[in-house]
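Please read the structure below before turning to the comments.
Order of the sequence lines sets the chain letters (A, B, ...), proteins ahead of strands, with each chain counted from 1. Computation of the quantities below employed the complete heavy-atom set of this structure, encompassing side-chain atoms and omitting hydrogens, waters and symmetry-equivalent molecules.
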There are 2 protein chains.
Amino acid sequence: MRAQRPNSREKILAAAADVARESGPGSLSLDAVANRAGVSKGGLLYNFPTKAKLMQGLVEGYLRDFEQALETAGSNDKDKNPLAVYIRLSAEDCEEKQPSASWIFSAIAEDPDFMTPIKTFKRQLFERLKGEAPDLKSLLVCYLAIEGLRSMNLFDSDVLSKDERDLLVSSLLDIAQ
Amino acid sequence: MRAQRPNSREKILAAAADVARESGPGSLSLDAVANRAGVSKGGLLYNFPTKAKLMQGLVEGYLRDFEQALETAGSNDKDKNPLAVYIRLSAEDCEEKQPSASWIFSAIAEDPDFMTPIKTFKRQLFERLKGEAPDLKSLLVCYLAIEGLRSMNLFDSDVLSKDERDLLVSSLLDIAQ
DNA sequence: CTTACTGTACCGTCTGGACGGTCTTGTCAA
DNA sequence: TTGACAAGACCGTCCAGACGGTACAGTAAG
């Protein structure tokens, strides 16, 4: 219903993420994205009338996917502790060698305000976890450590070995009970 | 010996950091920096012959300051546990409402390779801590949580209240023994 | 006839950087 | 003490290129 050949949108978004990751966040030009997506510049601007809308599309897609992943992980997982679910999901995300959100740097460079939806999302998530966690101290430590893991993945600083990452995750799950 | 009026360099670096923080990472132009520093564009390019050199100057200054802060904190602090020293120092850094390194986004946008010195620095720091820490699990949790705190500060997502930050730090110091 | 594009040509703006000129400071011979 | 001079530090202007965005004519499918 959204469009007749709707995979163009997704193709463009994926291409934008690819270009941002491979060519660096500062080189995310509309021409580069159009080429990468196999779409003319006119076609790109047909789907996203401005560069800001493109970025907004990236942010919204990311948040949508994340929320959905959290939801399905929450219902599949036998462990009903939401913090543990979040830890496991995040650790899985960070396994990927290629950070799924490296385009964030492009968005920030374009306009720092693109971060506000992400910030409010995170704040809500934290509040939700706080409501269901038995111990504030454990929650703080675990949540921040996961934030650190995500940060490392984003900056792809491969400081930790795989063993160390596994040890960390199991320690966190321990702390989260 | 480095220069006859060497405060120009520092003034320019400070101006660059200010512009990056206030105008957004994508708006860090040489003109803006020159204006902010009270220096002509020619003068700016005299001190830093290219934009890349300017970024490099920011990175080097940041690393130098950080190392020095670690050193003095290590000798002043009665607690000889290096991890505890690092935790306290980092927590102090993150108290500042204005992240001291928001220019990092500008550097990444310019060229992701500007991160490599910072990455190797962090890796070395982590290795050093690992050498002196009694328990790997505690180190991992503490180090990552601090990394998370730094990340939050950088993205200035004010998710934690001051009380929560304090509670986190004391918990980490507990874990670090 | 509408939707969803392609392809091209173009405009205005911004930016990094090169360049020539200018002011300041230190040095040193007379 | 002074004057000549060179090097250092900085100014102001100009330009080529890249970029975001517009306009528009064409077209293939449903």
Identify each atom pair where a protein N or O and an N or O of nucleotides 6-10 of chain C are less than 3.5 Å apart, giving names and distance.
{"from": "C:dT6", "atom 1": "OP2", "to": "A:S40", "atom 2": "N", "distance (Å)": "3.1"}
{"from": "C:dT6", "atom 1": "OP2", "to": "A:S40", "atom 2": "OG", "distance (Å)": "3.0"}

Between [X] (side chain) and [Y] (backbone), is there a donor-acceptor pair under 3.5 Å?
{"X": "B:E164", "Y": "B:S161", "answer": "yes"}
{"X": "B:E132", "Y": "B:L129", "answer": "no"}
{"X": "A:D31", "Y": "A:K41", "answer": "no"}

Charged N-O contact under 4.0 Å between [X] and [Y]:
{"X": "B:K122", "Y": "B:E127", "answer": "no"}
{"X": "B:D156", "Y": "B:K97", "answer": "no"}
{"X": "B:K119", "Y": "A:D158", "answer": "no"}

With a cut-off of less than 4.0 Å, is there a side-chain N or O of [X] near OP1 or OP2 of [N]?
{"X": "A:N47", "N": "C:dA4", "answer": "no"}
{"X": "B:T50", "N": "C:dG17", "answer": "yes"}
{"X": "B:S8", "N": "D:dC10", "answer": "yes"}

Rounded to whole angstrom units, what separation is found between the [atom1] atom of [X] and the [atom2] atom of [N]?
{"X": "B:K51", "N": "C:dG16", "atom1": "NZ", "atom2": "P", "result": "4 Å"}
{"X": "B:L45", "N": "C:dT15", "atom1": "CG", "atom2": "C1'", "result": "11 Å"}
{"X": "B:F48", "N": "C:dG16", "atom1": "CZ", "atom2": "P", "result": "15 Å"}
{"X": "B:R9", "N": "D:dG8", "atom1": "CZ", "atom2": "P", "result": "16 Å"}
{"X": "A:L54", "N": "D:dC19", "atom1": "CG", "atom2": "P", "result": "15 Å"}

Inset, instruction - Quick one: which residue pairs count as a salt bridge (Lys or Arg N to Asp or Glu O under 4.0 Å) with a foot in residues 56-74 of chain A, not counting sequence neighbours? - result: none
Inset, instruction - Kindly compute the distance separating CD1 (A:I12) from CG (A:L30), expressed to the nearest 0.5 Å. - result: 10.5 Å
Legend entry - Aromatic ring pairing B:F66/B:Y86, orientation class (parallel under 30°, perpendicular over 60°, tilted between): perpendicular
Inset, instruction - Measure the angle between the two terminal helix axes of the helix from C:dC1-D:dG30 to C:dA30-D:dT1, five base pairs each, and quote it to 10°. - result: 10°
Legend entry - A:K137: side chain to side chain donor-acceptor pair (under 3.5 Å) partners, not counting sequence neighbours: none
Inset, instruction - Name all residues meeting the side chain to side chain donor-acceptor pair (under 3.5 Å) criterion together with B:R150; count only those two or more places apart in sequence or in a different chain, and write none if there are none. - result: B:S90
Legend entry - Residues in contact with DNA chain D, drawn from residues 21-36 of chain A - heavy-atom cutoff 4.0 Å: A:L28, A:S29, A:L30
